[in-house]
Amino acid sequence: MTEPRRLVFATNNSHKLSELRQIAGDGIIILSLADIGCEDDIPETGSTLEENSMIKARWVYERYGYDCFADDTGLEVTALGGEPGVRSARYATDGHDSAANMALLLRNLSDKADRSAGFRTVITLIEDGKASVFSGEVRGEIISEPSGSGGFGYDPVFRPEGWDKTFAEASPEEKNAVSHRGKAVARLIEYLKTIRK
Ligand code: ITT
C-alpha cells in the first residue's frame, strides 16, 4: 500500500477546505495554508477560473516550495451571459459577502424567464513545478429566494437538476456526490492514483 499524498490546498476559504477534506477522505492528506505558515491574501488577478486557480497554486509552490493545488469556482448564469463567473466572490462588493451577492443575483434575474445556471470548479495541481488541471461542473437553476442554511456562498439559491431542494438544504455528502467540486476532486484523486510519488 502506498502512502496517501500530502498536498497543500491553497485556499483562504474555510468552507472549501472542509469540503475538500470530506471529499478526499483518505485519498489525500490535505494541509491548509495555516499549516505551512502562509497568511498571504493571494491576489486573484486572472480573467478566467483557469488563470486564477493557476495563480493561487503557483503562488504557494513558488514562495513556500510545497506541491499544492488550488480551486477557483464560479457560478455561471445563462441569462446573465455567464456572470458572475470569475467574479463570483466579489459580485456585489469587494468582500466575500454571500448575502449581498445572492441579493444582487436575484435582482438581476428578476425579469428573466431562463433561470438556468451552473457551478464550475477548476483545480490546478502543481507538483515539481508541473501543472495539471481538473474541472467539474453541475447544472441547475437559480430559485427565487434563498432556502436552507447548509453549504456556503450561493448554495441557498442553487437547485441542482433533478433535485427538489437547494445545495444549502442538502447534507454535505449529498452535495459532494454531485457537485462541481466533488467531480473535480474525484478527477484529481484518479490522477494521483496513476502517478507514483
Ligand atoms: P479562495 O480563492 O481562497 O479559494 P474564494 O472564496 O475567494 O476562496 P473563489 O475565488 O473560487 O473562492 O470564489 C468563488 C465564490 O463563489 C466564493 O466566494 C463563493 O461565494 C462562491 N462559491 C464557490 N464554491 C461554491 C459552492 O460550492 N457553493 C456555493 N457557492 C460557491
Side-chain angles (χ1 to χ4, degrees), residues 7-23 30-34 36 38-60 68-77 80 82-106 117-125 133-143 146-160 163 165-186:
L7 291 172
V8 174
F9 182 21
T11 183
N12 286 310
N13 183 323
S14 61
H15 299 285
K16 283 189 186 176
L17 182 63
S18 50
E19 271 193 16
L20 244 295
R21 285 192 165 136
Q22 184 158 13
I23 296 165
I30 294 172
L31 305 178
S32 66
L33 291 179
I36 62 165
C38 169
E39 294 179 359
D40 307 343
D41 185 13
I42 305 172
E44 293 185 41
T45 50
S47 54
T48 62
L49 300 177
E50 286 75 6
E51 280 174 19
N52 276 340
S53 70
M54 181 75 76
I55 288 169
K56 290 186 269 190
R58 281 223 174 275
W59 178 283
V60 170
C68 71
F69 68 96
D71 155 319
D72 208 53
T73 294
L75 175 66
E76 298 173 333
V77 180
L80 302 178
E83 287 277 295
V86 72
R87 298 192 303 122
S88 292
R90 291 170 296 276
Y91 189 39
T93 69
D94 255 0
H96 290 58
D97 183 341
S98 295
N101 287 340
M102 285 189 287
L104 178 60
L105 178 67
L106 294 179
F119 278 115
R120 198 161 62 87
T121 288
V122 176
I123 288 178
T124 299
L125 167 72
V133 178
F134 308 89
S135 60
E137 186 175 21
V138 60
R139 300 294 306 173
E141 60 181 4
I142 305 301
I143 61 167
S147 186
S149 56
F152 67 100
Y154 297 89
D155 281 344
V157 292
F158 184 81
R159 185 166 58 206
W163 284 34
K165 60 185 176 185
T166 67
F167 267 158
E169 295 170 302
S171 68
E173 292 78 9
E174 286 173 315
K175 178 183 173 185
N176 295 339
V178 303
S179 79
H180 44 302
R181 188 165 295 104
K183 289 175 188 159
V185 174

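Counting starts at 1 for both ligands and their atoms, following the listed order. In what follows, residues are counted from 1 in the order of the sequence shown.
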Would you mind finding which of [options] brings a heavy atom closest to [atom]?
{"atom": "atom 16 (O) of ligand 1", "options": "Ala168, Ser88, Ala10, Ala70", "answer": "Ser88"}
{"atom": "atom 10 (O) of ligand 1", "options": "His15, Lys16, Glu44, Glu19", "answer": "Glu44"}
{"atom": "atom 28 (N) of ligand 1", "options": "Val138, Thr166, Asp155", "answer": "Asp155"}

To the nearest 0.1 Å, how far is [atom] from its closest protein heavy atom, and which atom is that?
{"atom": "atom 3 (O) of ligand 1", "answer": "Asn12 N, 2.7 Å"}
{"atom": "atom 7 (O) of ligand 1", "answer": "His96 NE2, 2.8 Å"}
{"atom": "atom 6 (O) of ligand 1", "answer": "Asn13 ND2, 2.9 Å"}
{"atom": "atom 13 (O) of ligand 1", "answer": "Ala89 CB, 3.5 Å"}
{"atom": "atom 19 (C) of ligand 1", "answer": "Gly153 CA, 4.0 Å"}
{"atom": "atom 22 (N) of ligand 1", "answer": "Phe152 CE1, 3.8 Å"}
{"atom": "atom 30 (N) of ligand 1", "answer": "Tyr154 N, 3.1 Å"}

Within ligand 1, which atoms have a heavy atom of [X] less than 4.0 Å away?
{"X": "Thr73", "result": "11 (O), 13 (O), 14 (C), 23 (C), 24 (N)"}
{"X": "Lys56", "result": "1 (P), 2 (O), 4 (O), 10 (O)"}
{"X": "Lys175", "result": "26 (C), 27 (O), 28 (N)"}
{"X": "Thr11", "result": "1 (P), 3 (O), 4 (O), 8 (O)"}
{"X": "Arg181", "result": "23 (C), 24 (N), 25 (C), 26 (C), 27 (O)"}

Legend entry - Nitrogen or oxygen of Asn101 less than 3.5 angstrom from that of ligand 1: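 No, since none of the N or O atoms of Asn101 sits under 3.5 Å from an N or O of ligand 1.
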Legend entry - Step-by-step side-chain contact (heavy atoms from CB on, under 4.5 Å) determination, Phe9 to Ile123: CA-CA 10 Å; Phe9 182 21; Ile123 288 178; over 6 Å; no
Legend entry - Heavy atom of Phe119, distance to ligand 1 below 4.0 Å: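 True for this residue.
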Legend entry - Carboxylate-amine/guanidinium proximity below 4.0 Å for Arg159 and Glu141: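 Salt bridge flag = yes for Glu141 with Arg159.
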